[in-house]
Amino acid sequence: MGKSGSKQFAEEVLQCHNEYRKKHQAPPLALSSKLSKEATRYAESLASTRILKHSVESNRGSCGENLAWASYDQSGRDVVNRWYDEVKQYNFNRPGFSSSTGHFTAMVWKSTKMLGVGKATALDGSSFVVARYFPPGNVTNQGHFDKNVLPAKATS
C-alpha cells in the first residue's frame, strides 16, 4: 500500500471513529502522524509474523491499542464497524472493562484526544490494522468508565 493509500485509510478510520464518538458524546479525535508511524511499524511487524497480538506496553508508551486482522484487504470503515459492534455487549448500567467490549470502549473513550492508524498486508494477502489512542482509555480503575463511555444520544 502506497503512502497516499495509507493516509487515505487512516483518514477513513479517523472519520468513522469521530462519527461514533459524536454519537456517544465524545469530542472528535485528531490524527497524529507520530502515533500513525508507530502504529504502521507495528502493523508491519504483525504482518511479517502473521500473529495478531498486542504490542508490549513499554513499546507503545502510554497509548491504548486496538488491533484487527482479516484474510482480505479491509477498509477503514469495515475495521471500525467491527470494533464498534461490541457496543451490543456493553452494559451502560454497569460500566467497566470487559475483554468483549474493549475495542468499542477504546474508540469512544471521552478523554482520548489523538489517534494513530497503521495498516500492513502480509505475503498471503491478509491485512493487519493497528490503532493507537492517546491518552489511553479503558482505565481499569473504578469510576472512569461512567465518565468516559457514554450511551449513544437519541437522534431526533
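- Distance alone, capped at 3.5 Å, places no donor-acceptor pair between the E65 side chain and the H54 backbone.
- Here the side chain of R21 pairs a donor or acceptor atom with the backbone of P27 at under 3.5 angstrom.
- Of the possible polar contacts, one joining the N148 side chain to the S111 backbone as a donor-acceptor pair under 3.5 Å is found.
- Looking at heavy atoms from C-beta onward, E38 lies in side-chain contact with R132 at the 4.5 angstrom threshold.
- In this structure, the ring pair (Phe, Tyr, Trp, His ring centres under 6.0 Å) partners of Y84, at least two apart in sequence or on a different chain, are Y20, H24, F104.
- Checking side-chain atoms of D78 against main-chain N and O of Q74 turns up no donor-acceptor pair under 3.5 Å.
- In this structure, Y42 has no ring pair (Phe, Tyr, Trp, His ring centres under 6.0 Å) partners at least two apart in sequence or on a different chain.
- The distance from the OG1 atom of T112 to the NZ atom of K110 is 12.0 Å, given to the nearest 0.5 Å.
- A search for ring pair (Phe, Tyr, Trp, His ring centres under 6.0 Å) contacts involving Y133 returns H17, not counting sequence neighbours.
- Residues meeting the side-chain hydrogen bond (donor to acceptor under 3.5 Å, both in side chains) test with E11, sequence neighbours left out: K7.
- L52 and W83 are assigned to two separate hydrophobic clusters, defined by single-linkage of ILVMFWY side chains at heavy-atom distances under 4.5 Å.
- Other members of the hydrophobic cluster containing M114, listed by chain and number, are L35, F134; membership follows side-chain contacts under 4.5 Å among ILVMFWY residues, whether direct or relayed.
- Formation of a donor-acceptor pair under 3.5 Å by the Y90 side chain with backbone atoms of G102 is not found in this model.
- Side chain of T105 to backbone of N138: no donor-acceptor contact under 3.5 angstrom is found.
- Under a hydrophobic-cluster definition in which Ile, Leu, Val, Met, Phe, Trp and Tyr are linked whenever side-chain heavy atoms come within less than 4.5 Å, directly or via other members, W109 and F97 are assigned to the same cluster.
- Looking only at atom types and distance, the side chain of T101 has no donor-acceptor partner in the side chain of E86 under 3.5 Å away.
- In this structure, N66 contributes its side chain and A106 its backbone to no donor-acceptor pair below 3.5 Å.
- Taking the side-chain contact (heavy atoms from CB on, under 4.5 Å) definition, one finds that T49 meets it with I51, sequence neighbours left out.
- Judged by distance alone, the side chain of S71 and the main-chain N or O of S126 form no donor-acceptor pair under 3.5 Å.
- Among V13, L29, V149, V80, the one residue that satisfies the side chain to side chain contact (heavy atoms under 4.5 Å, CB included) test with M107 is V80.
- Hydrophobic clustering, with ILVMFWY side chains joined whenever heavy atoms are under 4.5 angstrom apart, keeps V108 apart from L67.
- Remark: R77 engages E19 in a salt bridge, criterion side-chain N to carboxylate O under 4.0 Å.
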